[in-house]
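Have a look at the structure below before the remarks.
Residue numbers begin at 1 in each chain, while the letters A, B, ... track the order of the sequences.
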Amino acid sequence: GAVVSQHPSRVICKSGTSVKIECRSLDFQATTMFWYRQFPKQSLMLMATSNEGSKATYEQGVEKDKFLINHASLTLSTLTVTSAHPEDSSFYICSARDLYASGTQYFGPGTRLLVL
Amino acid sequence: TQLLEQSPQFLSIQEGENLTVYCNSSSVFSSLQWYRQEPGEGPVLLVTVVTGGEVKKLKRLTFQFGDARKDSSLHITAAQPGDTGLYLCAGYTNAGKSTFGDGTTLTVKP
């Protein structure tokens with residue numbers, strides 16, 4: 001099956017710093033990637049849709065200046081959490097859509113962010 | 001806004017029991033996916049169903065897509081502790097939108 005990697009898997013940073021998370025589709029091209037945030041024992045909360053070569057589409061309530069998304073190629077999207085605060089601590093998961101697989105999204109393994 | 005209602009939200013059963021998880025919507029989907037997620041990991045795709053009335057089997061898991069492509073079910077036979085996890089359904093439309101259910105947290109006790 002399709003593989004999506006995500007890096008880093010775990011990051012601890014100080015409040016006020018920025019953190020970049022990478023999401024790569026390893027064996028297929030993804031014109032669309034998604035970024036989710038997940039709280040303990042809850043489902044996925046869509047933050048933004050990342051389209052290759054264009055600006056990301058953010059969900060209501062998600063600050064685009066705080067969560068910068070860049071989809072520079074058909075296999076790479078990045079999420080940068082700027083000026084991180086402790087309340088940004090969470091589990092962030094990316095996914096990539098394979099249009100040749102009936103629109104199926106394949107998920108990365110997630111990134112655990114802890115802001116001190 | 002498309003909604004995908006998933007039930008039950010929580011399910012705790014003994015090893016060996018059977019269970020069914022449902023996802024229902026008023027919207028028609030061109031495909032529907034089922035995922036399982038374990039704590040600290042990303043969701044892993046179990047199956048994609050595409051055709052109305054389609055039934056797919058994956059060992060002890062049986063997935064069904066409704067005839068009208070608005071609903072789906074996941075049935076697990078003789079559940080094992082290894083089946084414990086968060087199960088998610090997701091419907092995809094031709095408009096390029098994916099809608100996720102709220103998830104079913106399954107606990108299988110040995």
Side-chain angles (χ1 to χ4, degrees), chain A residues 1-11 21 23-28 30-52 54 57 59-60 90-114, chain B residues 1-12 21 23 28-52 54 56 58 63 65 69 72 84-107:
Chain A
V3 178
V4 175
S5 69
Q6 197 171 331
H7 179 80
S9 59
R10 187 181 296 264
V11 58
I21 304 170
C23 179
R24 294 180 184 273
S25 57
L26 298 185
D27 50 3
F28 67 100
T31 54
T32 305
M33 291 184 171
F34 304 87
W35 288 95
Y36 296 85
R37 185 171 178 176
Q38 187 175 37
F39 295 99
K41 297 189 177 181
Q42 292 188 22
S43 187
L44 307 169
M45 184 185 78
L46 180 65
M47 298 175 64
T49 300
S50 167
N51 295 294
E52 187 266 338
S54 64
T57 302
E59 295 299 302
Q60 192 172 10
S90 191
F91 192 53
Y92 292 87
I93 309 174
C94 72
S95 72
R97 172 177 289 155
D98 187 349
L99 287 177
Y100 295 102
S102 303
T104 298
Q105 289 185 41
Y106 295 93
F107 287 87
T111 297
R112 173 72 60 189
L113 171 63
L114 177 61
Chain B
T1 303
Q2 294 139 347
L3 293 176
L4 194 50
E5 296 182 354
Q6 188 171 343
S7 63
Q9 187 176 1
F10 297 97
L11 194 53
S12 181
V21 180
C23 275
V28 177
F29 298 109
S30 57
S31 70
L32 189 141
Q33 290 78 40
W34 284 94
Y35 300 86
R36 183 172 76 206
Q37 184 182 21
E38 299 192 22
E41 300 179 9
V44 175
L45 178 70
L46 296 174
V47 77
T48 293
V49 286
V50 178
T51 306
E54 181 177 6
K56 281 191 173 180
L58 184 64
F63 306 86
F65 203 12
R69 291 183 287 133
S72 181
T84 294
L86 175 67
Y87 288 82
L88 295 163
C89 62
Y92 175 72
T93 69
N94 285 332
K97 286 285 187 182
S98 289
T99 303
F100 280 82
D102 286 337
T104 295
T105 300
L106 171 64
T107 302

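There is no contact between B:Phe10 and chain A, counting heavy-atom distances below 4.5 Å. With a threshold of 4.5 angstrom between heavy atoms, A:Tyr36 approaches chain B through side-chain atoms but not through N, CA, C or O. When heavy atoms are compared at a cutoff of 4.5 Å, B:Gln37 approaches chain A solely by way of its side chain, counted from C-beta outward.
For the pair B:Ser31 (side chain) and A:Ser102 (backbone), a donor-acceptor distance under 3.5 Å is present.
Interface with chain B: from residues 41-49 of chain A, residues A:Gln42, A:Ser43, A:Leu44 qualify, criterion being any non-hydrogen pair under 4.5 Å.
The shortest non-hydrogen separation linking A:Phe91 to B:Glu41 is CE2-O, 3.6 Å.
More than 12 heavy atoms of other shown residues, nucleotides or ligands fall within 6.0 angstrom of atom CD in A:Glu59. The 12-atom threshold is exceeded at CG of A:Asn51, counting heavy atoms of other residues, nucleotides or ligands nearer than 6.0 Å.
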Quick one: do A:Arg97 and B:Tyr92 satisfy side-chain contact (heavy atoms from CB on, under 4.5 Å)? Show the steps, please. CA-CA 11 Å; A:Arg97 172 177 289 155; B:Tyr92 175 72; 3.3 Å; yes
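In this structure, the separation between CG on B:Leu86 and CD on A:Gln38 is 6.5 Å, given to the nearest 0.5 Å.
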